[in-house]
2 protein chains.
Amino acid sequence: MERTAQNIDYTEDAAQTARFAKALSHPVRLTILKYLNNQSCCFTTDLVGVLPMAQSTISQHLKELKEAGLIQGTIDPPKIKYCINKENWLKAQALFERIFKKDFSKIDCC
Amino acid sequence: MERTAQNIDYTEDAAQTARFAKALSHPVRLTILKYLNNQSCCFTTDLVGVLPMAQSTISQHLKELKEAGLIQGTIDPPKIKYCINKENWLKAQALFERIFKKDFSKIDCC
DNA sequence: AATATTAATCGTATATTTGCGATGAACTTA
DNA sequence: TAAGTTCATCGCAAATATACGATTAATATT
């Protein structure tokens with residue numbers, strides 16, 4: 001097998017952390033998460049009212065957050081109620097904590 | 001002014017958090033940061049030896065981490081020594097903590 | 001001075017992301 | 001049943017990200 005970037009096997013933690021980070025890497029998605037975190041839950045309608053973007057764009061961001069596992073939607077016809085996916089949220093929290101948890105006492109070289 | 005996505009003024013925190021998250025959103029960059037965090041510092045050479053990718057690609061990832069402020073390079077001719085940018089690292093840590101710090105006691109709706 | 005090492009940058013190809021308007025499916029309400 | 005609401009998806013355009021090899025500038029070594 002050729003030794004190129006295509007064939008790297010990252011640790012599952014690194015891959016998962018990268019996926020979560022990617023989901024958090026857009027200000028609109030951070031705004032949505034903050035909103036959900038404050039409101040417990042909300043409907044897409046609410047977000048469309050708050051965010052100055054097309055409904056389709058917001059729907060796309062919601063899809064990404066859902067696919068990353070950070071939120072979940074429950075059907076409440078004809079609306080969909082979104083909320084934080086608690087389990088994965090805590091998982092993400094743990095992974096980000098792990099990134100930053102290191103001791104800096106030894107880092108005095110720069 | 002037209003009310004489109006182009007004209008949104010995100011809070012500085014959201015924008016900064018998104019920039020940090022973007023820097024963390026690739027497994028190679030997470031690997032580099034982990035390496036730096038363990039080793040205190042390292043040279044590009046070291047990373048090229050460890051990561052199975054072209055030197056130019058690694059250099060590009062280093063540039064992104066540097067532009068996000070998470071690492072810094074000091075010239076040590078003919079090499080460049082990279083290490084974590086402690087100040088911004090702690091800033092990033094604080095911002096990510098802030099994302100996840102919420103109380104979940106009220107989130108029982110889903 | 002000539003050669004080697006280091007690491008950034010350029011040029012290029014391909015993939016992904018972001019945004020919008022338009023459409024459509026599912027469900028409600030009149 | 002007809003009209004309205006909700007929200008996902010499609011199709012498209014533009015921007016950004018990712019990777020590579022080749023080149024270049026700076027410095028070190030012979």
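Remember, it's a predicted structure, so these values are computed and weren't measured experimentally. Below, chains carry the letters A, B, ... as their sequence lines are ordered, and counting in each starts from 1. Quick note: numbers below take in every heavy atom, side chains included, and nothing from hydrogens, waters or symmetry partners.
The OH atom of Tyr82(A) sits 8 Å away from the P atom of dC7(D) (whole-angstrom rounding). Rounding to whole angstrom units, CD of residue Glu67(A) and P of dT16(C) are separated by 13 Å. The separation between His26(B) atom NE2 and dA15(C) atom C1' is 12 Å, rounded to whole Å. When rounded to the nearest whole Å, the span between CZ of Phe43(B) and P of dT6(C) equals 10 Å. Here dT6(D) presents its P atom at 15 Å from CG of Leu62(A), a figure rounded to the nearest Å. Between the C1' atom of dC20(C) and the CD1 atom of Ile58(A) lies a distance of 12 Å, rounded to the nearest Å. Put simply, CG on Asp76(B) is 14 Å from C1' on dA26(D), counting in whole angstrom units. One atom, NE2 of His61(A), and another, C1' of dT17(C), lie 9 Å apart when rounded to the nearest Å.
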Under 3.5 Å, which N/O atoms of the protein pair with N/O atoms of nucleotides 10-13 of chain C?
none

Using a cut-off of under 3.5 Å, enumerate the N/O to N/O pairs linking the protein to nucleotides 23-30 of chain C.
none

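Contact annotation: the side chain of Cys42(A) approaches that of Tyr35(A) to within less than 4.5 Å [non-hydrogen atoms, C-beta and beyond].
Here the shortest heavy-atom pairing between Leu65(A) and Leu33(A) reads CD2-CD1, 3.9 Å.
Every salt bridge (Lys or Arg N to Asp or Glu O under 4.0 Å) that Lys91(B) has, sequence neighbours left out, goes to Glu87(B). Applying the side-chain hydrogen bond (donor to acceptor under 3.5 Å, both in side chains) criterion to Glu12(B), with sequence neighbours excluded, gives Arg19(B). For His61(B), the side-chain hydrogen bond (donor to acceptor under 3.5 Å, both in side chains) partners at least two apart in sequence or on another chain are Arg29(B). Here Asp46(B) pairs with nothing under the salt bridge (Lys or Arg N to Asp or Glu O under 4.0 Å) rule; sequence neighbours left out. Applying the side chain to side chain contact (heavy atoms under 4.5 Å, CB included) test to Thr45(B) and every residue at least two apart in sequence or in another chain returns Phe43(B), Lys79(B). Looking at residues two or more places apart in sequence or on another chain, you find a side chain to side chain contact (heavy atoms under 4.5 Å, CB included) between Ala54(B) and Ser56(B), Thr57(B).
Which of dT6(D), dA8(C), dC20(D) sits closest to the side chain of Thr45(A) comes down to dT6(D). When distances are taken from the side chain of Thr44(A) to each of dC7(D), dT18(D), dG19(C), the shortest belongs to dC7(D). Side-chain proximity of Lys22(A) to the nucleotides dG19(C), dC7(D), dT16(C) is greatest for dT16(C).
Listed pair Ser59(A) / dC7(D) fails the phosphate criterion, with no side-chain N or O lying under 4.0 Å from OP1 or OP2. Dashed line: the shortest gap from a side-chain N or O of Thr57(B) to OP1 or OP2 of dT18(D) is not under 4.0 Å.
Residue pairs that meet the salt bridge (Lys or Arg N to Asp or Glu O under 4.0 Å) test with at least one member in residues 66-76 of chain B, sequence neighbours left out, do not exist here.
Two residues, Arg29(A) and Lys79(B), neighbour DNA chain C, and the one matched to the more 5' nucleotide by heavy-atom proximity is Lys79(B).
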